[in-house]
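Take a look at the structure set out below.
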Amino acid sequence: AQSVTQPDIHITVSEGASLELRCNYSYGATPYLFWYVQSPGQGLQLLLKYFSGDTLVQGIKGFEAEFKRSQSSFNLRKPSVHWSDAAEYFCAVGGGAGGTSYGKLTFGQGTILTVHP
Amino acid sequence: DTGVSQDPRHKITKRGQNVTFRCDPISEHNRLYWYRQTLGQGPEFLTYFQNEAQLEKSRLLSDRFSAERPKGSFSTLEIQRTEQGDSAMYLCASSLGWALTSGTDTQYFGPGTRLTVL
């Protein structure tokens, strides 16, 4: 069964500081990996995704993530955080081609990011 | 694309009542998903449609829940005899999903329907 662990429930950083949100996944085959962001009371917005190829992927709003197969990780990073980045961030894993997951996503429990001025 | 839309955005009901939610996916998207999100948790998969066919249902989807996607366009999720434990955000997502076994593709989420059962 596929699963995602986000070890940090809540992270606080100062505006302008760097950010790293951790994500570890469990999946029996080639995973497809995603990061989504959710503002309070809203739906989820896709930040970036990894399907194959270059293990460092760039996303919107200056975010990037690195896929490390040996560590089963897909950590999200941003070099300089803005106050508007305060939100909840979700890592998710889906199945690759040929699988039987029908493309459903399994999410971690999320990391709440607070940004101090 | 106008994005995924959901209606209503908020629903307050009394225990035991039936409720129905609607989801309009991005046009030409073949796949449609329903997820449920409770406070402090990530979304959990409920069910999935490839066009009009419902292909997978989570064990979270008890027999009080039913979902349809007639003609492969919009979808409805009905909850009968609501319970307080059904209180949650119900999220709909859609994706292109051309082939059944093409794996996960990018899912676009709607704003969700917040259900409160009193």
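Within every chain, numbering begins at 1; the chains are lettered A, B, ... in the order of the sequence lines, protein sequences first and strands thereafter.
Residues from residues 62-88 of chain B never place a non-hydrogen atom less than 4.5 Å from a non-hydrogen atom of chain A.
To the nearest 0.5 Å, atoms OG1 (B:T106) and CZ (A:F51) are separated by 4.5 Å. Interatomic distance, B:E44 CD to A:K104 NZ, rounded to the nearest 0.5 Å: 11.5 Å. For the atom pair A:F107 CZ and B:Y35 OH, the distance stands at 5.5 Å (nearest 0.5 Å). For the atom pair OG1 (A:T106) and CZ (B:F45), the distance works out to 9.0 Å, reported to the nearest 0.5 Å. To the nearest 0.5 Å, atoms CD (B:Q107) and CZ (A:F34) are separated by 7.0 Å.
Cluster membership check: B:Y90 does not share its hydrophobic cluster with B:Y108, using side-chain heavy-atom separations under 4.5 Å among Ile, Leu, Val, Met, Phe, Trp and Tyr. Note on B:M89: it does not cluster hydrophobically with B:L115, by side-chain heavy-atom contacts below 4.5 Å among ILVMFWY residues. Residues A:I112 and A:V13 do not share a hydrophobic cluster, clusters being chains of Ile/Leu/Val/Met/Phe/Trp/Tyr side chains in contact below 4.5 Å. Hydrophobic cluster membership differs between B:L39 and A:I9, with clusters built from Ile, Leu, Val, Met, Phe, Trp and Tyr side chains linked at under 4.5 angstrom. Follow the hydrophobic side-chain contacts under 4.5 Å out from B:L46 and you never reach B:V4; the two are in separate clusters.
Neither the backbone nor the side chain of A:Q6 comes within contact range of chain B; no heavy atom of the residue lies under 4.5 Å from a heavy atom of that chain. Neither the backbone nor the side chain of B:Q6 comes within less than 4.5 Å of any heavy atom in chain A. Using a 4.5 Å cut-off between heavy atoms, A:L44 touches chain B through backbone and side chain atoms alike.
Scanning all heavy atoms of the two residues, the minimum distance from A:F90 to B:Q37 falls at CZ-NE2, 3.3 Å.
Proximity of A:L105 to B:Y33: side-chain heavy atoms (C-beta onward) are nowhere separated by under 4.5 Å.
By the neighbour-count criterion of 12 heavy atoms within 6.0 Å, atom CD1 of B:I12 is sparsely surrounded, having that number or fewer from other residues, nucleotides or ligands. The number of heavy atoms from other shown groups lying within 6.0 Å of CZ (B:R15) does not exceed 12.
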